[in-house]
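Here the structure is a predicted model, which means the values were calculated and not measured. For ligands, and for the atoms within them, numbers begin at 1 and follow the listed sequence. We count residues from 1, following the sequence as given.
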Amino acid sequence: HVTFDYCDQMVADFEKVIDRPIREKSSVYYTGVDLGTACVVVAVLDENKRPVAGAYRYADVVRDGMVVDYIGAVQIVRELKEEIEEKLDTELIYAAGAIPPGTDLLDSGAVKNVIQGAGFELTNMLDESTAANEVLKMKNGAVVDIGGGTTGISILRDGKVVYIADEPTGGTHFSLVISGAYGKSFDEAELYKRDEKNHRELIPVLQPVIEKVSSIISQHIKDYDVQELSLVGGTCCLTGIEDIIEKKTGVYTHKPKNPMFVTPLGIALSC
Ligand code: ATP
């Protein structure tokens with residue numbers, strides 16, 4: 001299988017420039033805007049398509065791939081754009097966006113309008129798995145996007161998406177399990193889950209639901225030549241989730257250092 005070196009390097013570089021943007025002038029900047037359920041991420045690349053700046057914000061403007069708070073989404077993207085423009089001392093003009101695979105064109109309109117409404121000139125719209133694979137560079141594998149409400153599985157053959165599925169099990173179920181096990185409210189469980197310090201303790205509690213996600217993956221990939229899985233999406237931030245998925249599916253499983261940053265970088269590459 002592929003080495004994922006390019007992906008790991010891009011994500012590591014991106015993490016660095018979020019704190020310390022690279023202010024050397026570039027003739028052009030490419031921006032990727034990723035509107036997620038938990039998080040809105042903006043990634044900026046220079047003329048050589050290397051990360052130079054980025055910003056993100058936890059937000060509640062998208063649910064299951066649908067923009068539910070349009071005004072809020074425009075405002076956040078505009079604020080992140082201005083924040084980066086100030087850091088880079090330049091104006092960001094071009095941006096690309098993405099929608100979950102299988103989402104109808106109707107919602108692609110909403111994402112498009114959010115990006116344009118925030119002041120960008122939109123240069124490209126693509127599906128999130130194709131975007132992620134711009135960075136992952138898998139030939140015969142699957143992008144597994146474990147988000148809030150759903151788990152998306154996109155199978156690639158010769159680097160192109162040939163099959164997609166979206167199943168209604170995701171991070172929300174993880175939080176419900178934690179809520180039940182610890183007697184916490186859903187919101188408390190959600191915060192507890194996002195804190196990396198609690199992950200080791202949570203893994204045994206979450207094992208059954210992670211195994212359920214694994215069996216969903218196995219079900220969908222069984223008729224395809226899938227040589228590797230790559231995990232993206234907020235729920236994959238859970239430390240150790242990759243080991244359980246690899247063991248249960250029997251397929252080599254790669255997890256980027258930060259699974260939330262792969263798609264926005266891929267969107268920026270496509271800009
Ligand atoms: P959806 O499937 O609902 O469309 P999405 O792909 O837009 O969602 P993401 O933003 O990728 O969603 O992921 C949201 C989920 O990730 C939430 O359930 C959230 O609790 C979870 N999450 C975010 N950060 C972490 C973390 N550090 N550890 C564990 N889970 C996390």
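Nearest protein heavy-atom neighbour of atom 23 (C) of ligand 1: Gly234 O, 3.8 Å.
Each of the atoms 11 (O) of ligand 1 lies under 4.0 Å from some heavy atom of Gly233. When each atom of ligand 1 is checked for a heavy atom of Asp145 under 4.0 Å away, the hits are 6 (O). Every atom of ligand 1 with a heavy atom of Gly149 under 4.0 Å away is listed here by number and element: 1 (P), 2 (O), 3 (O). Set against the non-hydrogen atoms of Cys237, the atoms of ligand 1 under 4.0 Å away are 25 (C), 26 (C), 27 (N), 28 (N).
Ring geometry, Tyr224 versus Tyr163: the interplanar angle falls from 30° to 60°, so the pair is classed tilted.
Screening residues 41-55 for side-chain hydrogen bond (donor to acceptor under 3.5 Å, both in side chains) gives Asp13-Arg50, Ser27-Glu47 as the qualifying pairs, with residues at least two apart or on separate chains.
When side chains are defined from C-beta on, Ile146 counts as touching Ile245, because their heavy atoms get closer than 4.5 Å.
When the heavy-atom distances from atom 28 (N) of ligand 1 to His199, Glu190, Met66, His173 are ranked, the shortest goes to His199.
Nearest heavy atoms, Ile164 versus Ser154: CG2-OG, 3.7 Å.
Summarising the local packing, NZ of Lys184 is surrounded by more than 12 heavy atoms from other residues, nucleotides or ligands at distances under 6.0 Å.
In summary, Arg63 and Asp60 engage in a salt bridge, as defined by a charged side-chain N under 4.0 Å from a carboxylate O.
With a 4.0 Å cut-off on non-hydrogen atoms, Val62 does not touch ligand 1 at all.
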